[in-house]
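One structure is given here, and the rest of the page talks about it.
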Amino acid sequence: MKSSNIILIGMPGSGKSTCGVIAAKMLLKNFYDTDLLIQNIEEMSLQQILDTKGEDYFSEKEEEAICSLDIRGTVIATGGSVIYSDKAMSHLRKLGKIIYLHLTFEQMEKRISNLETRGVLLKNGETLFDMYNERLPLYEKWADATIECSESTVEHTAKLISDCANDK
């Protein structure tokens, strides 16, 4: 059933994992983080994958991991770069409702203090600002709903996710 899953997309630092766990509790659903799936499969951190195997390998493994998902009744937090793969996003759309957690560039910059170790996919040395501008229209393209979370607390964002999941 399409409505059984809630899929969270958004910029690094938007709260997909942090707010997703709380929203899952509110919605009485499971929680699943696709970044952890990739790390588990590869047996290394996202940053180690990027540093040792490169951006293309990382993107390929992210797509494979997403396309392997067959779960229900779950809030799914995705990696920020998932929107680069039409195949992965099409699969996620079949699994449930896609909610985009929107964050301003300034807020994203404030929230990300560990860019060098976080596992953020920056293509060919692009800046964080370049990445933000490139990804923004892709998040908007795939979103079934958008939540503004720039000035929101974790608890408030989780409540907005819960309300959106219930179409309130």
Side-chain angles (χ1 to χ4, degrees), residues 1-42 45-46 49 58-105 107-108 110-112 114 118-121 131-132 134-168:
M1 176 188 284
K2 182 175 169 60
S3 63
S4 70
N5 294 310
I6 298 300
I7 297 103
L8 303 178
I9 63 171
M11 298 288 177
S14 62
K16 300 178 298 289
S17 298
T18 306
C19 300
V21 169
I22 298 167
K25 288 179 182 180
M26 291 176 172
L27 291 164
L28 307 177
K29 292 185 178 287
N30 297 314
F31 177 77
Y32 202 86
D33 189 324
T34 63
D35 281 348
L36 298 179
L37 172 62
I38 296 163
Q39 289 182 161
N40 195 358
I41 291 168
E42 293 297 310
S45 73
L46 299 180
I49 298 166
F58 177 87
S59 296
E60 180 183 313
K61 293 304 167 186
E62 181 175 48
E63 181 179 271
E64 286 175 13
I66 298 289
C67 290
S68 75
L69 292 178
D70 183 19
I71 52 180
R72 286 162 192 71
T74 302
V75 174
I76 303 167
T78 64
S81 58
V82 68
I83 40 83
Y84 290 125
S85 168
D86 285 349
K87 184 177 178 183
M89 290 307 299
S90 294
H91 182 71
L92 288 170
R93 179 158 279 158
K94 290 176 195 163
L95 293 179
K97 184 175 187 176
I98 298 174
I99 299 175
Y100 166 37
L101 301 184
H102 178 265
L103 197 58
T104 64
F105 175 74
Q107 278 296 321
M108 180 184 71
K110 282 181 189 174
R111 292 183 186 188
I112 299 176
N114 56 343
R118 189 179 177 108
V120 174
L121 179 63
M131 179 210 71
Y132 183 89
E134 181 179 73
R135 290 184 184 184
L136 202 58
L138 296 172
Y139 291 128
E140 292 168 355
K141 169 187 170 183
W142 288 103
D144 294 318
T146 300
I147 293 174
E148 177 55 55
C149 59
S150 292
E151 301 298 327
S152 195
T153 64
V154 169
E155 292 77 14
H156 186 249
T157 299
K159 172 80 169 80
L160 293 173
I161 294 167
S162 176
D163 290 348
C164 189
N166 291 318
D167 291 319
K168 289 184 184 174

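Note that the coordinates shown come from a computational prediction; the quantities given were computed from them, not determined experimentally.
For the atom pair Ser4 OG and Lys29 NZ, the distance stands at 6.0 Å (nearest 0.5 Å). The NZ atom of Lys87 sits 8.0 Å away from atom CD of Glu64, with the distance rounded to the nearest 0.5 Å. With rounding to the nearest 0.5 angstrom, the CD1 atom of Ile147 is 5.5 Å from the CG atom of Leu101. One finds the NE2 atom of His156 at 13.0 Å from the CD1 atom of Ile22 (value rounded to the nearest 0.5 Å). Atom CZ in Arg135 sits 15.0 Å away from atom NZ in Lys141 (nearest 0.5 Å). Here Ile66 contributes atom CD1 and Leu37 contributes atom CG; the two are 7.5 Å apart, rounded to the nearest 0.5 Å.
In terms of modelled atom types and a separation under 3.5 Å, the side chain of Lys16 and the main chain of Gly10 share a donor-acceptor contact. Proximity of a side-chain donor or acceptor of Ser14 to a complementary backbone N or O of Met11 within less than 3.5 Å is detected. Under the 3.5 Å distance criterion, the side-chain polar atoms of Thr74 are matched with a main-chain donor or acceptor of Arg72. A donor-acceptor pair is defined here as one N or O able to donate and one able to accept, closer than 3.5 Å; no such pair exists between the side chain of Thr146 and the backbone of His102. Side chain of Glu148 to main chain of Ser150: a donor-acceptor pair is present (N/O by atom type, distance under 3.5 Å, no hydrogens or angles). The backbone N or O of Ala65 lies less than 3.5 Å from a partner atom in the side chain of Ser68, making a donor-acceptor pair. Distance alone, capped at 3.5 Å, is enough to place a donor-acceptor pair between the Thr78 side chain and the Leu8 backbone. Between the side chain of Glu63 and the backbone N or O of Ser85 there is no donor-acceptor pair closer than 3.5 Å.
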* **Trace of the side-chain contact (heavy atoms from CB on, under 4.5 Å) decision for Lys61 with Ile41** => CA-CA 9 Å; Lys61 293 304 167 186; Ile41 291 168; 5.8 Å; no
* **Worked verdict on Val75 versus Leu27 for side-chain contact (heavy atoms from CB on, under 4.5 Å)** => CA-CA 9 Å; Val75 174; Leu27 291 164; 4.1 Å; yes
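Exactly one of Leu69, Ile6, Ile9 qualifies for a side chain to side chain contact (heavy atoms under 4.5 Å, CB included) with Ile76. That residue is Leu69.
A side-chain donor-acceptor contact under 3.5 Å links Ser81 and Glu62.
Residues Phe31 and Lys25 have side chains not in contact (no heavy-atom distance under 4.5 Å, counting atoms from C-beta outward). In this structure the side chain of Ile71 reaches within 4.5 angstrom of the side chain of Tyr32, judged on heavy atoms. Lys159 has its side chain out of reach of Glu155: every pair of non-hydrogen atoms, C-beta onward, lies at least 4.5 Å apart. Between Ile49 and Ile38, the closest side-chain pair of non-hydrogen atoms falls below 4.5 Å. You'll find the side chain of Ile83 stays beyond 4.5 Å of the side chain of Tyr100, heavy atoms only.
Using a 4.0 Å cut-off between charged side-chain N and carboxylate O, Lys94 and Asp70 make no salt bridge. Salt bridge status for Arg93 with Asp144: present, with a side-chain N to carboxylate O gap under 4.0 Å.
Across all their heavy atoms, Cys149 and Thr157 have their closest contact at CB-OG1, 3.5 Å. The minimum heavy-atom distance between Cys19 and Ala158, with the atom names listed, is O-CB, 3.7 Å. For Ile161 against Ala23, the heavy-atom pair with the smallest separation is CG2-CB, 3.7 Å. Minimum heavy-atom separation, Lys97 to Ala145: CE-CB, 4.1 Å. Of all heavy-atom pairs spanning Gly80 and Tyr139, the tightest one is O-OH, 2.6 Å. When every heavy atom of Ser17 is checked against every heavy atom of Asp33, the shortest pair comes out as OG-OD2, 2.6 Å.
Ring-plane geometry between Tyr132 and Phe105 is classed as perpendicular, the angle between the planes exceeding 60 degrees on a 0 to 90 degree scale with a lower cut at 30.
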